[in-house]
J.: 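Below is one structure. I have some questions about it.
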Number of protein chains: 2
Amino acid sequence: MNPTELEKKILDTAERLFLEKGFNGTSTTDIARAVGCNQALVHYYYRTKEKLFSDIYMQKIEQFLNYANLYKYDGDFYGFVNQMVCAYFDFLNTHRQLPFFIINELALNKDRRCQIKDIVVQNQQKQEIYYSVDKIIQDEIKKGTIKPIETFDLLINCLSLVAMTFLTLPMVTDFLQKTPEQVDQYLENRKKEIMTSILCRLKPEQTI
Amino acid sequence: MNPTELEKKILDTAERLFLEKGFNGTSTTDIARAVGCNQALVHYYYRTKEKLFSDIYMQKIEQFLNYANLYKYDGDFYGFVNQMVCAYFDFLNTHRQLPFFIINELALNKDRRCQIKDIVVQNQQKQEIYYSVDKIIQDEIKKGTIKPIETFDLLINCLSLVAMTFLTLPMVTDFLQKTPEQVDQYLENRKKEIMTSILCRLKPEQTI
DNA sequence: GGCGTATTTAATAAGTATATTAAACAAGAT
DNA sequence: ATCTTGTTTAATATACTTATTAAATACGCC
């Protein structure tokens with residue numbers, strides 16, 4: 001095997017196993033076995049399991065956050081929301097284990113919460129995005145094009161509906177014994193329903 | 001200590017630790033230490049860690065499912081939905097770790113999914129509840145009192161919004177450094193917002 | 001070919017986890 | 001007082017975990 005090729009393979013395999021089984025559920029021996037190399041090699045390249053996991057976790061958090069990029073706002077608020085939510089849904093659809101992976105570790109590990117806090121809260125760029133979205137929303141509310149809502153609530157609503165779709169997907173798949181095609185169909189339906197729900201929440205009532 | 005009192009104390013302590021740290025994150029030694037007894041005693045009463053966990057997990061699943069009891073339907077559909085969702089929210093508010101506990105284990109452990117499947121899917125009583133709710137909803141849709149929606153989608157929407165509130169609560173608390181009072185306030189707000197969202201999804205548009 | 005460096009492995013230390021066993025202990029019955 | 005039964009502990013077997021170390025291997029370079 002090409003030198004340093006194993007280093008990459010260890011990282012990829014670790015990522016796959018950690019996503020599947022979490023930190024506690026995956027041993028460096030498991031990783032080595034899956035790679036087909038000696039267990040010491042995992043430590044040679046990454047020194048500790050914690051460091052290996054941490055590298056992967058941070059990268060996944062970044063990936064998760066960075067996807068929340070601001071799309072161009074051309075004045076069509078409903079198109080804007082639709083675009084953002086669909087993009088996020090499609091992104092998570094290609095990374096189905098991501099919501100669980102992130103929540104799992106944050107819920108189980110208080111240290112990790114502290115570690116992540118600064119990245120999330122004190123991220124200048126994210127704050128700016130939040131404030132621009134906030135401004136857009138509050139403007140639309142003033143204009144009367146959408147019903148009053150807190151920006152934070154809207155974001156949490158969207159996150160809840162989208163993320164929970166993928167958090168519960170293993171149950172939906174296994175319990176209802178869906179084929180891969182049926183799963184895709186189910187996800188398409190959910191995406192539509194989520195958009196409907198969010199838009200209903202925003203659309204002002206027609207005055208008679 | 002009163003004989004057999006320890007048996008109960010082990011169960012309670014195990015429940016607390018499993019809820020906090022999950023199956024993998026809790027050892028029988030941890031449990032014994034927290035109880036203040038010998039580690040062998042845990043095995044004396046429950047034989048294996050798996051059996052101990054399984055007993056607790058099943059009981060929690062039951063608790064989670066059983067709370068979905070049918071409230072009397074007196075024809076006021078919005079009151080009906082409001083009552084159901086609020087009851088569930090309040091229930092989870094007194095069992096904040098429950099959603100994570102359940103999802104965590106179902107996501108990590110395929111065996112557990114199989115184990116649970118029959119309880120959830122082939123539960124006669126739950127099926128009857130599902131069908132009565134389905135009937136009520138489809139009737140209301142025909143009457144035009146609510147917008148068309150799949151029963152399954154409505155349930156998943158409610159579950160997503162309510163459960164995700166508690167799945168993300170540790171992050172909200174830690175990241176935004178909320179005091180217990182502020183957390184309660186936040187939860188009250190979320191409950192209102194969730195009700196608003198769901199009712200908006202259901203209310204038919206006013207025709208001009 | 002031989003040297004130096006990076007990669008990989010075997011061996012192992014040190015610790016922890018689950019589970020069992022046998023012995024100690026407690027308390028009521030005879 | 002001893003026997004019985006249930007409870008609790010100490011000791012331990014077995015296996016597995018993380019991490020380190022020293023030796024083996026591979027590879028480029030002189």
Side-chain angles (χ1 to χ4, degrees), chain A residues 1-60 101 104-105 107-112 115, chain B residues 1-60 101 104-105 108-112 114-115:
Chain A
M1 176 126 356
N2 205 331
T4 77
E5 203 177 306
L6 268 179
E7 182 173 3
K8 182 79 172 65
K9 198 173 175 193
I10 288 169
L11 192 69
D12 292 347
T13 306
E15 179 178 311
R16 182 169 58 79
L17 292 180
F18 282 141
L19 275 161
E20 247 171 58
K21 301 272 190 181
F23 181 82
N24 284 328
T26 309
S27 69
T28 52
T29 315
D30 290 338
I31 297 167
R33 219 187 335 253
V35 170
C37 72
N38 191 284
Q39 178 258 344
L41 202 62
V42 178
H43 291 273
Y44 171 73
Y45 281 119
Y46 300 97
R47 214 170 65 73
T48 68
K49 179 183 162 185
E50 167 59 32
K51 199 186 151 319
L52 172 59
F53 182 86
S54 184
D55 284 358
I56 292 168
Y57 195 70
M58 291 304 170
Q59 191 249 318
K60 289 288 159 194
F101 179 65
N104 181 44
E105 198 56 28
L108 286 177
N109 193 333
K110 175 126 186 153
D111 290 346
R112 199 82 57 193
Q115 212 179 0
Chain B
M1 176 126 353
N2 205 331
T4 77
E5 203 177 307
L6 269 179
E7 181 173 2
K8 181 80 170 67
K9 199 174 174 194
I10 288 169
L11 192 69
D12 291 346
T13 306
E15 179 178 312
R16 182 170 58 79
L17 293 181
F18 282 142
L19 274 161
E20 248 171 58
K21 301 272 190 183
F23 182 82
N24 284 326
T26 309
S27 69
T28 53
T29 315
D30 290 338
I31 296 166
R33 218 188 336 255
V35 169
C37 73
N38 191 284
Q39 178 258 344
L41 202 62
V42 178
H43 291 273
Y44 171 73
Y45 281 120
Y46 301 97
R47 215 171 64 74
T48 68
K49 178 182 161 186
E50 167 58 33
K51 198 186 152 316
L52 172 58
F53 182 86
S54 183
D55 284 358
I56 293 168
Y57 195 70
M58 291 304 170
Q59 192 248 317
K60 289 290 156 191
F101 179 66
N104 181 43
E105 198 56 26
L108 286 178
N109 194 331
K110 175 126 187 152
D111 289 347
R112 199 82 58 192
C114 298
Q115 211 180 1

J.: Run the salt bridge (charged side-chain N to carboxylate O under 4.0 Å, His left out) check on B:Arg33 and B:Asp30 step by step: do they pass?
T.: CA-CA 5 Å; B:Arg33 218 188 336 255; B:Asp30 290 338; 3.1 Å; yes
J.: Distance check needed: D:dA26 P versus A:Glu5 CD, whole Å only.
T.: 16 Å
J.: Whether B:Tyr45 contacts D:dT8 is assessed here as follows: a side-chain N or O lying under 4.0 Å from the phosphate OP1 or OP2. Is that the case?
T.: yes
J.: Can you tell me the distance, in whole Å, between the NZ atom of B:Lys8 and the C1' atom of D:dT7?
T.: 19 Å
J.: Show your working on side chain to side chain donor-acceptor pair (under 3.5 Å) between B:Thr28 and B:Gln39 and close with a plain yes or no.
T.: CA-CA 6 Å; B:Thr28 53; B:Gln39 178 258 344; 3.3 Å; yes
J.: Quick one, give me the B/S/- string for nucleotides 16-23 of chain D, reading 5' to 3', where B means a protein heavy atom under 4.0 Å from the base and S means that only happens at the primed atoms, P, OP1 or OP2.
T.: -SBBB---
J.: Between atom CG in B:Leu41 and atom P in C:dA19, what is the gap in whole Å?
T.: 15 Å
J.: At what distance, to the nearest 0.5 angstrom, does CZ of B:Arg16 lie from CD1 of B:Ile31?
T.: 10.0 Å
J.: Can you check the B:Phe53 CZ to C:dA17 P distance for me, whole Å?
T.: 17 Å
J.: Atom CD1 of B:Ile31 and atom C1' of C:dT18: how far apart are they, to the nearest Å?
T.: 11 Å
J.: Quick one: side chains of residues 50-57 of chain B, donor-acceptor pairs under 3.5 Å with protein atoms, not counting sequence neighbours, listed by atom name and distance.
T.:
| unit_1 | atom_1 | unit_2 | atom_2 | d |
| --- | --- | --- | --- | --- |
| B:Glu50 | OE1 | B:Arg112 | NH2 | 3.4 |
| B:Glu50 | OE2 | B:Arg112 | NH1 | 2.9 |
| B:Lys51 | NZ | B:Asp55 | OD2 | 3.2 |
| B:Ser54 | OG | B:Gln115 | NE2 | 3.2 |
| B:Tyr57 | OH | B:Ile102 | O | 2.6 |

J.: Judged by atom type as modelled, is there a donor-acceptor pair below 3.5 Å linking the side chain of A:Lys49 to the main-chain atoms of A:Val42?
T.: no
J.: Which distance, rounded to the nearest 0.5 Å, do you find between the CG of B:Leu11 and the OH of B:Tyr45?
T.: 12.0 Å
J.: Round to a whole Å and report the spacing from CG of A:Asn24 to P of C:dT16.
T.: 15 Å
J.: Would you kindly give the CD-to-P distance between A:Glu7 and D:dA26, to the nearest whole Å?
T.: 20 Å
